[in-house]
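Lettering of chains follows the sequences in order, A, B, ..., and the numbering in each one begins at 1.
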Amino acid sequence: MKKGDHLFLVDGSGYIFRAYHALPPLTRKSDGLPVGAVSGFCNMLWKLMLDARNTDVGIVPTHFAVIFDYSSKTFRNDLYPEYKANRSAPPEDLIPQFGLIRQATRAFNLPCVEIEGYEADDLIATYARLACEAGGDTTIISSDKDLMQLVGATVGMYDPMKDRQISIPEVIEKWGVPPEKMVDLQALTGDSVDNVPGVPGIGPKTAAQLLEQFGDLDTLLARAGEIKQDKRRESIIANADKARISRQLVTLKKDVPVAEGLEDFVLHAPDGPKLIGFLKTMEFTSLTRRVAEATGTEAGDVQAVAVTVERADSAHGPDLGAGTSSAAETRPDRAGENGMADEAPTAEKPKAGDTPSLLAALRLEAATARKIDTSAYIAIRDAATLKAWIAEAKEAGIVAFNAETTSSDPMQAELIGFALATASGRAAYVPLTHKSGSGDLLGGGALENQVPVREALALLKPLLEDRSVLKIAQELKSSLVVMSRHGIDVAPFDDTMLISYVLDAGTSGGHSLAALSEKWLGHATTPLKELAGSGKSFVGFEQVDIDKATAYAAGHADVALRLWLVLKPRLAAKGLVSVYERLERPLVPVLARMEQRGISVDRQILSRLSGELAQGAARLEEEIYQLVGERINIGSPKQLGDILFGRMGLPGGSKTKTGQWSTSAQLLEDLAAEGHELPRKIVDWRQLTKLKSTYTDALPGFIHPDTRRVHTSYALAATTTGRLSSSDPNLQNIPVRTAEGRKIRTAFIADKGNRLVSADYSQIELRVLAHVAEIPQLRQAFADGADIHAITASEMFNVPVEGMPSEIRRRAKAINFGIIYGISAFGLANQLSIPREEAGNYIKKYFERFPGIRDYIEETKAYAREHGFVETIFGRRIHYPEIRSSNPSVRAFNERASINARLQGTAADIIRRAMVRMDEALEKAKLSARMLLQVHDELIFETIEAEVEATIPVVRHVMENAAMPAVSMSVPLHVDARAANNWDEAH
DNA sequence: ACAGAAGCTTA
DNA sequence: GTAAGCTTCTGTT
């Protein structure tokens with residue numbers, strides 16, 4: 001075991017009891033053998049081995065062991081004969097399951113560890129210590145408080161039944177003391193289940209308070225006389241010995257002489273046939289199917305195996321033989337679909353224990369081996385067939401879903417049909433409102449033999465909402481909005497676009513279905529325009545011939561399902577499960593709700609502004625024509641350039657990369673500063689026409705006819721860094737810098753009786769920089785709430801913050817921003833309009849004062865060069881495949897981008913975490929505030945007036961603590977929040 | 001009808 | 001110097 005390795009230790013004995021009581025009783029159908037705990041155990045192991053969904057930073061186990069108690073008698077009974085003496089015999093129907101669970105462990109190819117005289121907890125403590133000494137990390141799969149004393153920097157716990165991570169903050173939250181004091185706390189409280197005496201009258205709250213006061217148990221016992229409360233003092237003095245012996249009992253032994261070392265726990269790929277043999281014997285049909293699919297084993301070819309069952313009346317009962325009834329394979333398999341079986345790892349044992357990677361490789365091979373046949377799909381034309389398909393999807397536990405609609409805007413879209421896929425190559429399309437394609441003005445009548453929309457949706461709803469059926473889609477969010485408008489809440493789901501985004505952000509090609517299909521399946525999807533035409537000749541999808549629509553829509557569902565098979569295991573293989581599960585997937589319904597809510601925009605304000613802008617622009621136009629002498633097209637940079645630098649011969653002209661005269665605002669401003677009249681007017685004209693065309697004229701067109709609100713669309717997978725993007729309309733670039741522009745924000749309003757609340761992170765990227773680059777001065781400045789740019793200037797130029805000239809601060813601010821953007825002397829010189837040498841000197845000086853930032857930059861570049869990607873502090877990967885380019889400017893660009901990506905991406909991750917938690921936090925606080933918009937470091941809410949004051953602290957708390965508990969930042973996050981009637985005043 | 005360039009808006 | 005999206009113009013298809 002080495003640094004970076006991760007050991008999973010399952011508390012097998014603890015799990016048995018917990019699963020037995022928590023899960024509904026389950027018996028084997030053929031003979032009534034109780035197997036509830038075994039089933040829970042197998043499901044948990046399978047999930048852990050493949051999925052690593054328990055972790056917050058994407059951990060895949062490299063080492064894995066299941067630990068059991070050997071017998072009830074241990075060294076603790078010598079210390080204290082009454083230890084665990086009050087334990088009653090386990091329930092009758094649990095007894096046979098002890099042995100079965102050990103056999104299950106072996107069927108999973110996992111080490112099964114137990115040592116006479118020691119409890120499972122002692123073995124876990126010992127192995128966690130060994131792992132820590134070897135530099136590795138450990139996750140203990142248990143929620144037993146007795147194990148919490150082991151939690152620390154490299155040791156975490158995970159409760160598989162509650163899907164909850166337990167690390168230091170959770171221990172403190174639950175018990176009021178850090179893990180290292182758990183032993184003292186338990187010594188005081190005792191444990192009635194294990195018959196650990198403790199001090200009578202002392203419970204967890206009192207114990208935590210006493211330990212807080214005295215520091216530890218020994219100090220407490222020595223100074224017990226100081227305790228004020230009479231009863232408490234007397235009890236502790238009288239029971240000091242009991243407390244001491246209790247501490248010995250609860251302290252786990254970290255030096256058990258273990259026979260097996262960590263090297264014996266290297267995780268091996270599951271042996272498909274071996275595992276399936278056991279699962280079939282247990283008659284766990286759905287897990288059998290999942291394992292068969294994942295390992296590429298043909299379950300039908302595997303025989304159930306013999307298992308040993310202990311009966312309550314004999315500890316080592318006879319071999320009762322196997323339940324040999326093999327699970328019926330009800331899934332509709334099609335000919336030629338079994339390509340995976342050939343590649344199954346049965347012939348030779350895989351070497352290293354990288355199970356997810358192996359699975360990913362197998363899936364990819366299988367996916368490309370089976371060609372996609374779009375003529376094989378089925379058109380569902382009646383309710384009975386649809387019912388059968390839905391039943392099939394339920395049985396499969398997994399279904400790819402794809403809706404076809406009348407519009408790419410989900411708030412306007414009406415359903416035309418939908419497609420389902422239940423297995424590779426098995427897909428169907430359900431046309432609902434297709435019309436005959438006859439070219440008359442009415443577009444033809446509705447076609448015969450389509451399931452009525454209402455009936456189809458009524459059948460579909462239970463499937464899409466079924467918690468035990470995983471829905472798979474490519475870009476689910478828009479379908480989520482459409483289905484939500486029909487009262488259907490799709491869950492649970494996986495989104496292939498997002499999986500691809502997590503795996504491959506920054507690699508070429510994008511994450512569209514077409515791109516992914518081409519990349520992973522070698523299959524070219526049919527462009528929509530080949531079916532429905534484009535531009536003027538575009539006909540709605542409802543006019544598309546049903547056979548063609550079926551090939552298209554069912555094909556998309558089939559492709560999505562196959563992509564999921566290929567891509568999902570890659571998440572685990574690359575340690576990106578938690579990025580996907582915590583930062584991507586949960587944001588989908590959050591954004592869908594935000595989009596559906598929309599924001600009110602005052603049409604009148606915009607229309608008035610349009611008029612004002614038109615007037616101003618018209619006046620400037622006339623003045624410009626006067627100066628130029630003819631009515632040129634001012635909006636044409638080409639014409640402008642010819643006039644300014646050709647005809648008028650103004651100085652300082654430069655060319656763009658296509659050889660045109662540049663007429664950029666910067667250049668025109670420079671000319672204006674020299675006293676030229678025309679450039680100033682052109683700049684002003686551009687500002688007014690920009691505001692008019694992009695905002696005041698365009699926004700009213702986005703007001704929804706029914707909701708009377710504007711519904712933007714957020715893209716989750718459009719940026720390389722993890723930021724969202726907004727379009728149709730883009731509400732992330734509404735003007736704010738100039739007074740003229742800000743007027744547009746006054747049109748974004750709260751409904752009557754409501755207020756808009758705007759909450760934005762202050763300097764989040766600089767704070768992330770101070771944290772990741774570990775810059776003491778910056779950390780201190782943020783901790784003090786100081787003016788960060790002034791502090792920077794003060795450090796660099798040796799001037800006091802008090803009475804600092806604004807120009808000095810401005811330069812420091814530009815440098816700070818420059819760092820975030822991956823500074824270059826060229827860029828800084830441009831920004832500050834100073835010579836390049838001077839900018840270079842500033843940077844040099846900056847690095848002298850903040851050497852940690854230079855180190856950070858160099859480390860980032862080196863890391864990006866070595867790996868081809870960088871990571872945010874939450875593990876999001878951003879790829880820079882061109883970072884090793886031999887072209888120096890391409891290389892430099894990629895270096896700057898990678899430096900920026902860590903900071904921008906981390907900030908993006910933080911606000912994503914806040915957004916994921918926000919709705920629940922508001923609901924828990926019984927607040928009705930609705931999150932409407934996100935603008936990278938700002939969230940906009942709408943809430944009723946009376947709740948404004950209560951809402952702001954909740955919003956602030958969620959945002960400021962968003963990094964926790966995954967990352968405890970060394971710099972505080974600060975959120976400014978304000979409420980007003982419109983966005984301008986709230987911001 | 002579409003694609004790319006130029007220009008401008010945001011964080 | 002980073003990350004986006006939208007509009008207009010211009011040239012090509």
How many whole angstroms separate atom [atom1] of [X] from atom [atom2] of [N]?
X	N	atom1	atom2	value
A/D909	C/dA3	CG	P	16 Å
A/L640	B/dA5	CG	P	20 Å
A/D760	B/dT10	CG	P	15 Å
A/E669	B/dC8	CD	C1'	13 Å
A/Q831	C/dG1	CD	P	9 Å
A/Y714	B/dA11	OH	P	13 Å

Looking at the side chain of [X], which of [options] is the nearest nucleotide?
X	options	value
A/R737	C/dT10, C/dC6, B/dT10	B/dT10
A/S727	C/dG5, B/dT9, C/dA3	C/dG5
A/N900	B/dA11, C/dT2, C/dG1	C/dT2
A/A698	C/dA4, C/dG1, C/dT7	C/dT7
A/T694	C/dG1, C/dG11, C/dC6	C/dC6
A/Q904	C/dG1, C/dT2, C/dC9	C/dT2
A/R745	B/dA11, C/dG5, C/dG1	B/dA11
A/R723	C/dG1, C/dG5, C/dA3	C/dA3
A/P735	B/dC8, C/dA3, B/dT9	B/dT9

Query raised in the report: Within a reach of under 6.0 Å around CD of A/Q412, are more than 12 heavy atoms found that belong to other residues, nucleotides or ligands?
Result: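 Counting neighbours around CD of A/Q412, more than 12 heavy atoms of other residues, nucleotides or ligands fall under 6.0 Å, so yes.
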
**Report entry** A/R836 atom CZ, over 12 foreign heavy atoms within 6.0 Å
**Finding:** no

Report task. Using a heavy-atom cut-off of under 4.0 Å over every strand shown, decide if A/G818 touches base, sugar-phosphate, or nothing. Result ->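 Base contact.
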
Report task. Have a look at A/R896 and say if it touches a base, only the backbone sugar-phosphate, or nothing, with a 4.0 Å heavy-atom cut-off. Result -> sugar-phosphate

Query raised in the report: Got A/H704 and A/V710 here, is their nearest side-chain heavy-atom distance under 4.5 Å?
Result: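 Side-chain contact under 4.5 Å: no.
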
